[in-house]
Amino acid sequence: MTEPVLDVHLKPEDAAHALRADVRAGLTANPKWVSPKWFYDAVGSELFEDITRLPEYYPTRAEREVLSDRAAEIAATTGAHSLVELGSGSSEKTRLLLSALREHGTLREFVPQDVSVSALTEAAHAIMADYPGLRVHGVVGDFTQHLSLLPGESPRVVAFLGGTIGNLIPEEREKFFRTVRDVLQPGEWLLLGTDLVKDPDVLVRAYDDSQGVTAEFNLNVLNVLNREVGGDFDVDAFEHVALWNAEQAWIEMRLRAKRDMRVSLAALGLTVEFREGEELRTEVSAKFREDGVRAELEEGGFSLHRWWTDSLGRFAVSLAQAV
């Protein structure tokens with residue numbers, strides 16, 4: 001088996017610099033925030049895999065149902081030579097698409113993108129073992145910064161799955177769609193996974209499970225800050241909060257201080273005060289309706305071609321074409 005090609009646009013020192021800049025901006029803001037991209041150290045990634053298997057966390061199962069039902073149709077519609085996956089991780093669900101495209105006879109190349117060299121290399125080797133003869137061209141980069149550098153043989157389908165688009169606020173989503181459109185040629189494709197608006201109780205339970213796994217995942221970001229920027233957060237002095245923001249149509253995850261405290265971040269030369277009850281926002285996860293997705297895609301230069309949901313109408317996968 002030949003080695004995968006890797007384009008490295010994000011080096012460890014770049015990630016460290018970005019983390020420090022984000023933390024300084026977020027912890028000096030009012031209200032305070034931390035970007036969800038810093039959840040995913042080794043522990044956080046394992047915890048998220050655990051979350052996807054929880055009974056309350058439906059998005060992964062619902063999206064897999066749609067992809068399983070529609071992969072052959074996606075392959076026939078796009079005739080893609082290259083599948084580009086943003087935020088690929090282990091590329092598990094992507095195998096449904098790869099298999100369908102290979103069965104259709106058009107697949108030549110897989111382009112996974114992720115921020116981690118090690119995770120991307122491991123995933124690339126696994127894909128090459130399972131799909132002999134498939135070219136794998138990995139891209140180590142941040143999908144908010146390095147989209148313009150994506151390779152791939154046309155026609156391409158860019159997959160952005162898992163509802164990750166919901167972690168972007170509207171201004172960031174607008175920039176994302178326009179940037180992806182600028183990368184693609186007219187007629188190429190974007191495959192997008194979006195969680196849908198539903199009963200707030202169902203949504204909140206998906207982010208505040210009975211076993212406390214999501215709470216552990218959320219709190220772990222403080223361990224990341226302690227390790228990476230010399231923080232002295234007392235993790236036990238914070239509690240996990242998940243709530244539905246109806247006005248913004250998104251779930252917010254927060255960490256609430258149980259007492260007054262001062263936190264030092266040695267690598268930043270920064271000291272931050274928290275009042276008892278003060279909350280640090282760690283994630284938004286927007287939920288969507290079909291008309292809203294259609295409008296955002298059209299504003300970004302795409303035409304919505306197909307809209308599919310799981311059997312319970314909880315999660316949507318849409319296929320849009322660059323115009």
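None of these values were measured; they are calculated from a predicted model.
Looking at Arg254 and Glu252, a side-chain N of the basic residue comes within less than 4.0 Å of a carboxylate O on the acidic one, giving a salt bridge. The residues Lys32 and Glu278 are annotated as salt-bridged, a charged nitrogen and a carboxylate oxygen being separated by less than 4.0 angstrom.
Glu172 places a side-chain N or O within donor-acceptor distance of the main-chain N or O of Ile169, the cut-off being under 3.5 Å. Under the 3.5 Å distance criterion, the side-chain polar atoms of Glu188 are matched with a main-chain donor or acceptor of Gln185. Of the possible polar contacts, none joining the Thr309 side chain to the Ala316 backbone as a donor-acceptor pair under 3.5 Å is found. Panel note: side chain Thr52, backbone Glu49; a donor-acceptor pair is recorded below 3.5 Å. Using modelled atom types, no side-chain atom of Gln248 and backbone atom of Ala286 make a donor-acceptor pair closer than 3.5 Å. Side chain of Lys198 to backbone of Leu196: a donor-acceptor contact under 3.5 angstrom is found. Under the 3.5 Å distance criterion, the side-chain polar atoms of Asp260 are matched with a main-chain donor or acceptor of Glu276. Using a distance-only test at 3.5 Å, with no hydrogens or angles considered, a donor-acceptor pair links the side chain of His125 to the main chain of Thr121. Not a single donor-acceptor pair under 3.5 Å links the side chain of Gln321 to the backbone N or O of His305. Side-chain atoms of Lys287 never come within 3.5 Å of backbone atoms of Ile251 as a donor-acceptor pair (strictly under, hydrogens ignored).
The shortest non-hydrogen separation linking Ser264 to Asp232 is N-OD1, 2.7 Å. Here the closest non-hydrogen pair linking Arg102 and Pro132 is NH2-O, 3.0 Å. Annotation for Lys93 and Gly162: closest pair NZ-CA, 3.9 Å, computed over non-hydrogen atoms. Taking both residues in full, the closest heavy atoms of Pro151 and Val139 are given as CD-CG2, 3.5 Å, listed atom of the first, atom of the second, then distance. Across every non-hydrogen atom of Phe302 and Ala320, the tightest pair is CB-CB, 3.9 Å.
With sequence neighbours excluded, the residues forming a side-chain hydrogen bond (donor to acceptor under 3.5 Å, both in side chains) with Glu296 are Arg173, listed by chain and number. Remark: Tyr131 engages no residue in a ring-ring contact (aromatic ring centres under 6.0 Å, His included) (not counting sequence neighbours). Every side-chain hydrogen bond (donor to acceptor under 3.5 Å, both in side chains) that Asp234 has, sequence neighbours left out, goes to Arg259. Residues passing the ring-ring contact (aromatic ring centres under 6.0 Å, His included) test with Phe143, sequence neighbours excluded: Phe160. Every residue meeting the side-chain hydrogen bond (donor to acceptor under 3.5 Å, both in side chains) condition with Asp7, not counting sequence neighbours, appears here in chain and number order: His137.
Both Val204 and Leu255 sit in one connected hydrophobic cluster of ILVMFWY residues. Membership requires side-chain heavy atoms under 4.5 Å apart, directly or through other members. Under a hydrophobic clustering in which Ile, Leu, Val, Met, Phe, Trp and Tyr are joined whenever their side-chain heavy atoms come within less than 4.5 Å, directly or via other members, Trp33 and Leu270 fall into different clusters.
Of the N and O atoms on the side chains of Glu153 and His81, at least one donor lies less than 3.5 Å from an acceptor on the other residue. Using modelled atom types, one finds no donor on one side chain facing an acceptor on the other under 3.5 Å when comparing Asp69 with Trp308.
The structure places CZ of Arg24 at 9.0 Å from CG of Leu265, a figure rounded to the nearest 0.5 Å. To the nearest 0.5 angstrom, Leu161 atom CG is 6.0 Å from Leu67 atom CG.
The residue from Tyr57, Tyr207, Tyr40, Trp38 that alone fulfils the ring-ring contact (aromatic ring centres under 6.0 Å, His included) condition with Phe217 is Tyr40.
Heavy atoms from other residues, nucleotides or ligands lying under 6.0 Å from CD of Glu103 number 12 at most. When the shell of 6.0 Å around CD of Glu122 is examined, it contains 12 or fewer heavy atoms from other residues, nucleotides or ligands.
Residue Val224 is found outside any hydrophobic cluster, as its side-chain heavy atoms come under 4.5 Å of no other Ile, Leu, Val, Met, Phe, Trp or Tyr.
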